[in-house]
Amino acid sequence: MHDSPELDQLRDWDAGAPPLDDETRHRVRVRLFAAMNDPAPVVRRRRPVARIALTGTVAAAVAATALVAVRDDDGGARRTATPPANSSPAMRNVSARTVLYGAAAFSREHQRTVAPRDDQFIYTKEIIKETERETGAKKTYIDETWRSVDDTKPSWIMEIGKGWWSVPYKKRPGDHVESVSMWPPQDWDTLKSLPTDPAKLILKLNFGGRPLHSIDEVEDQEWSQIHFSLVGLLMLVPVMPQDLRPAAYEALAMVPGVKAVPNQKDAAGRRGVAITFDDRFSHRSNAETGAGNSFIFDPDTYEFLGFRDTRTSHGRTYDQFSYLDSWAVTDKAKQRP
């Protein structure tokens, strides 16, 4: 009888090794929780070609009878089939956890450290491309926004090509912060106060609910609200303090019902992997829960490519694709970088 690799590893384990520290224990718990939410892997058997019609890359992949698998998040080796050279990454089936953890790693590696002053503005230039479903008419908008860093000065806001001055809400004496706050926050200090630990960020986003001490205590309906809050943060705050966006991606990976959909296009026509949400716990519409929204990522690097959404106006429905073109810190509103 041959010993299994697992028994070999157990035999080599040092029983006198010191216990894990708190930080390592937390990372293990986060990975375990995310893994528990991943669907079980499905082995797809080869089907007779005569039974299905396939074209392009899919036909090539089936003809080669290759099973495509992704590496473990910790880089560990797994016995997997190597994809053929002509297999497009955008067509591969990957888990939402793999995509979002990859997006977090990419964001951490490429994030720009910024420390704006309270009297400055965050400038963003976003591109929005819309297609009207009934007629197929297409239109592109360029939205340029200048937001006051501390939200004490009027900000110039644009949405779908229309702009206006947003006057800060003036708190009255005795007002509690919670009674006048809005989500997502726009002032830099509040954004900086948000946890950059994904589990703690999830607990922070349980607005108005019962006190929670662990993500294990989050109930089904609460996950729906947490997903909605994470989507709002990632979609409506294009520039964030350091490490907040990666934490939001990792927090989103922990939400039950989040899934990856391959072979999706972004605003520039590039194929990527979309992250969507199946809200099984809410009776609200997709527009209310954010379930109809999706984030699109590069299938190789997991760089964020853009956001896909739908909107309805005057009885017409529009498919909308948007992405951040550029951003900067300026000293005045409407001052170009």
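Index from 1, following the sequence.
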Heavy-atom side-chain contact between I127 and T140 under 4.5 Å: yes
Closest non-hydrogen atom pair between A251 and L201, with its separation: CB-CD2, 4.4 Å
Salt bridge (charged side-chain N to carboxylate O under 4.0 Å, His left out) partner of E130, the single match among R311, R316, K138: R311
Residue pair S193 / T190, side-chain donor-acceptor N/O under 3.5 Å: no
Salt bridge (charged side-chain N to carboxylate O under 4.0 Å, His left out) contacts in which one or both residues fall within residues 251-267, not counting sequence neighbours: D266-R270
Test item: side-chain donor near acceptor, N263 and R271, under 3.5 Å: yes
Minimal non-hydrogen separation, D143 against I160, with atom names: OD2-N, 2.9 Å
Polar contact flag, side-chain donor to acceptor under 3.5 angstrom, D150-S148: yes
Which atom of A328 lies closest to which atom of P337, heavy atoms considered: CB-CB, 3.5 Å
side-chain hydrogen bond (donor to acceptor under 3.5 Å, both in side chains) contacts touching residues 230-241 (sequence neighbours left out): none
Cationic tip of R117 above W188 ring, under 6.0 Å, 45° of axis: no
Flag for S224-Q221: side-chain donor and acceptor within less than 3.5 Å: no
Basic-acidic side-chain contact under 4.0 Å: R336, E144: yes
Aromatic plane relationship, F304 with Y249 - under 30° parallel, 30 to 60° tilted, over 60° perpendicular: tilted
Pair R133 + D319, salt bridge at N-O below 4.0 Å: yes
Cation-aromatic face contact K334/W146, 6.0 Å, 45 degrees: no
Q120-D331 side chain donor-acceptor pair, cut-off 3.5 Å: yes
Distance-only polar pair, side chains of R308 and Q264, donor-acceptor under 3.5 Å: yes
